[in-house]
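Read the structure below first, then the notes.
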Amino acid sequence: MSAQLPLTGVRVVELAGLAPGSSSPHHSPPSIPRTRNTNNKTTGPFAGLLLADYGASLLRIDRPNSLSADQLTRGKTSITLDLRDKTSHNLLLDLLANADVLIDPFRPGVLERLGLSPQDVLLKRNPRLIVARITGFRRDGKYRDMAGHDINYIAVSGVLSMLGREGERPHAPGNILGDFAGGGAVCFQGILLALLSRVNSGRGQVIEANMVDGSAYLATMPRLGMQNPLWSGRRGTNMLDGGSPFYDTYECKDEGKYFSVGALEPRFYAALVKGLGFKKGELPDRDDRENWPALREIFTKRFKEKTRAEWEAVFDGTDACATPVLEQSELKAAGFEQRPIVHLSETPARPIKPDDGAWTGGILEPGTGGKETLKTWLGWEQGRDYEVRKDGALLRVDNKSKL
């Protein structure tokens with residue numbers, strides 16, 4: 001690629017798996033936490049993946065004897081450190097003194113107990129460092145010390161109460177809304193803002209992202225919509241949450257295959273009605289919500305008359321806002337290969353190739369490629385600047401400083 005990647009030269013350290021206690025016999029800094037944050041399996045790694053895709057050099061920090069199930073590893077390298085060992089701990093401090101970004105995915109207070117307080121330690125050693133801290137619950141909220149997962153974070157944000165069919169329990173959309181959108185993607189935006197700010201100020205700062213605020217912000221439109229007919233009804237009865245028969249999904253003749261319909265505007269709805277084989281004026285008035293159940297029943301029966309492929313042939317090239325619901329296993333064959341999240345004409349992201357694990361993921365074994373990253377960043381050499389313990393942990397030689 002001839003164009004320079006937009007984040008070329010940005011050095012990112014991503015913490016992974018350092019919070020639990022280690023079986024290492026070496027001495028540890030006081031109060032090493034033994035409680036793992038449930039967020040860091042996906043959220044921090046996703047923010048790091050976005051940074052790496054756009055050119056940042058990312059080094060993940062693993063602990064000895066750890067096993068990684070993280071598949072969000074494209075473009076990353078790894079070293080193993082044991083923060084119970086002072087020389088290994090100091091190696092991390094020296095590394096962060098030369099880094100641009102640190103991704104902290106742990107619960108409030110964990111970084112401080114690791115001897116890595118952003119304000120008292122890290123920013124004093126490196127005033128240009130950006131410390132991105134991601135939590136599930138708010139750092140200052142009533143749930144701050146509790147474990148949780150995506151469903152809990154979007155629950156207390158008020159978003160989960162909006163999701164689901166009428167008369168049914170709230171339905172969580174996997175962990176996409178909280179972990180990935182409200183957490184990882186929002187944290188990525190925060191890092192970009194901090195990098196922009198540093199251009200003018202010359203100083204780094206601490207970013208605090210959490211999935212409660214992130215998911216609540218993403219729900220701005222439906223929350224404001226509750227003040228008008230668009231979203232003022234009960235869950236599952238509104239225009240965009242499954243209440244409308246012309247903004248829904250329908251099963252086709254081939255069982256388990258579905259079609260999506262989003263014909264909101266009148267002219268798009270007219271194209272939908274025509275494609276379904278109905279004449280103008282033949283169907284109940286869609287603007288009367290009392291007719292919605294009858295319309296849904298009519299659409300349900302009609303979509304069951306053809307296979308998904310047959311409906312594709314009907315609606316392809318039309319403005320009916322009707323498209324097949326493709327399954328993950330069908331995307332590559334349909335030509336929908338994964339691409340970077342946004343395209344920049346002058347400084348695009350790294351291309352995502354099929355062998356990058358775009359669809360299957362790729363496990364980054366602890367310690368993979370990290371020595372090369374240390375050499376590229378700092379010119380460090382094994383034996384001169386650090387040694388490698390039998391369990392793979394790197395130890396700083398003579399506690400030398402490379403500042």
Side-chain angles (χ1 to χ4, degrees), residues 151 154 159-177 181 218-219 221-223 225-336 359:
I151 192 171
I154 65 174
V159 179
L160 183 57
S161 67
M162 297 174 143
L163 306 177
R165 293 288 185 178
E166 181 184 13
E168 298 181 4
R169 296 169 295 174
H171 180 74
N175 64 339
I176 298 171
L177 182 53
L218 290 168
M221 188 279 288
R223 184 174 62 253
M226 294 174 68
Q227 303 173 30
N228 59 59
L230 179 66
W231 217 297
S232 60
R234 301 181 310 279
R235 177 176 61 251
T237 66
N238 301 290
M239 186 74 73
L240 303 179
D241 67 354
S244 165
F246 43 89
Y247 198 88
D248 207 343
T249 57
Y250 293 92
E251 189 173 24
C252 301
K253 185 177 181 179
D254 38 351
E255 185 177 355
K257 301 296 183 181
Y258 296 86
F259 229 76
S260 68
V261 171
L264 295 176
E265 292 79 3
R267 64 188 183 94
F268 299 154
Y269 182 73
L272 172 69
V273 170
K274 180 180 179 181
L276 289 174
F278 296 107
K279 297 179 181 179
K280 184 177 181 180
E282 183 178 353
L283 298 178
D285 180 11
R286 74 164 196 166
D287 292 330
D288 184 350
R289 292 195 177 211
E290 296 296 323
N291 292 329
W292 282 8
L295 273 174
R296 175 170 281 107
E297 183 177 353
I298 292 170
F299 291 166
T300 298
K301 291 180 179 179
R302 182 55 55 95
F303 271 103
K304 290 285 284 185
E305 293 176 3
K306 296 181 185 293
T307 66
R308 193 185 71 180
E310 289 172 332
W311 284 121
E312 283 187 75
V314 170
F315 288 113
D316 276 2
T318 74
D319 284 340
C321 299
T323 55
V325 178
L326 297 179
E327 299 172 11
Q328 289 292 318
S329 60
E330 300 175 306
L331 294 179
K332 285 194 292 184
F336 289 98
W359 296 106

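Note: hydrogens, waters and symmetry copies are ignored here, and every other heavy atom, side chains too, is used. Along the sequence shown, residues carry numbers from 1. Just so we're clear, the structure is a prediction, and the values are computed from it rather than from any experiment.
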Nearest 0.5 Å, what's the SG-CD distance between C252 and E312? 8.5 Å
Measuring from atom CG of L163 to atom NE2 of H171, what distance do you get when rounded to the nearest 0.5 angstrom? 8.5 Å
Return a table of donor-acceptor pairs under 3.5 angstrom between the side chains of residues 264-281 and protein atoms on other chains or two or more places apart.
none

Of all heavy-atom pairs between A320 and A263, which one has the smallest distance, and what is that distance? O-CB, 3.5 Å
E310 and E305: CA distance, side-chain angles, deciding distance, side-chain contact (heavy atoms from CB on, under 4.5 Å) verdict: CA-CA 10 Å; E310 289 172 332; E305 293 176 3; over 6 Å; no
Step by step, work out the side-chain contact (heavy atoms from CB on, under 4.5 Å) result for E297 and T300. CA-CA 5 Å; E297 183 177 353; T300 298; 5.6 Å; no
Can you name the side chain to side chain contact (heavy atoms under 4.5 Å, CB included) partners of N175, sequence neighbours left out? T42, D150, D179, F180
Over 12 non-hydrogen atoms of neighbours within 6.0 angstrom of CG in L240: yes
Under the side-chain contact (heavy atoms from CB on, under 4.5 Å) rule, what do F299 and L283 come out as? Steps first, then yes or no, please. CA-CA 10 Å; F299 291 166; L283 298 178; 3.9 Å; yes
Test side-chain contact (heavy atoms from CB on, under 4.5 Å) on V325 and F259 and set out the steps. CA-CA 5 Å; V325 178; F259 229 76; 5.7 Å; no
Would the F246 and W292 ring centres measure less than 6.0 Å apart? yes
Going from CG on L177 to CD1 on I151, what distance comes out if it is rounded to the nearest 0.5 angstrom? 11.5 Å
Which atoms form the tightest heavy-atom contact between P245 and Y250, and what is the distance? O-OH, 2.5 Å
For P173 against I154, the heavy-atom pair lying closest together: CD-CD1, 3.9 Å
Looking only at non-hydrogen atoms, find the nearest pair between T307 and K253 and report the distance. N-CB, 3.6 Å
Of all heavy-atom pairs between S232 and P229, which one has the smallest distance, and what is that distance? OG-CA, 3.5 Å
Backbone N or O of G243 within a donor-acceptor pair of the R296 side chain at under 3.5 Å? yes
Are E255 and R308 ion-paired here, with the side-chain N under 4.0 Å from a carboxylate O? no
Below 4.5 Å, heavy atoms only, C-beta onward: do D285 and N291 meet side chain to side chain? yes
V159 to A219 - nearest heavy-atom pair and separation: CG2-CB, 3.7 Å
Heavy-atom count around E290 CD within 6.0 Å, excluding the residue itself: above 12? no
Listing request: all side chain to side chain donor-acceptor pair (under 3.5 Å) pairs with a residue in residues 233-244, at least two apart in sequence or in separate chains. E166-R234, N238-D241
Distance alone, cut at 3.5 Å: any donor-acceptor contact between the side chains of S260 and T323? yes
Cationic N near anionic O, under 4.0 Å, D254 to K306: no
Quick one: sort the F303 and W311 rings into parallel, tilted or perpendicular, breaks at 30° and 60°. tilted
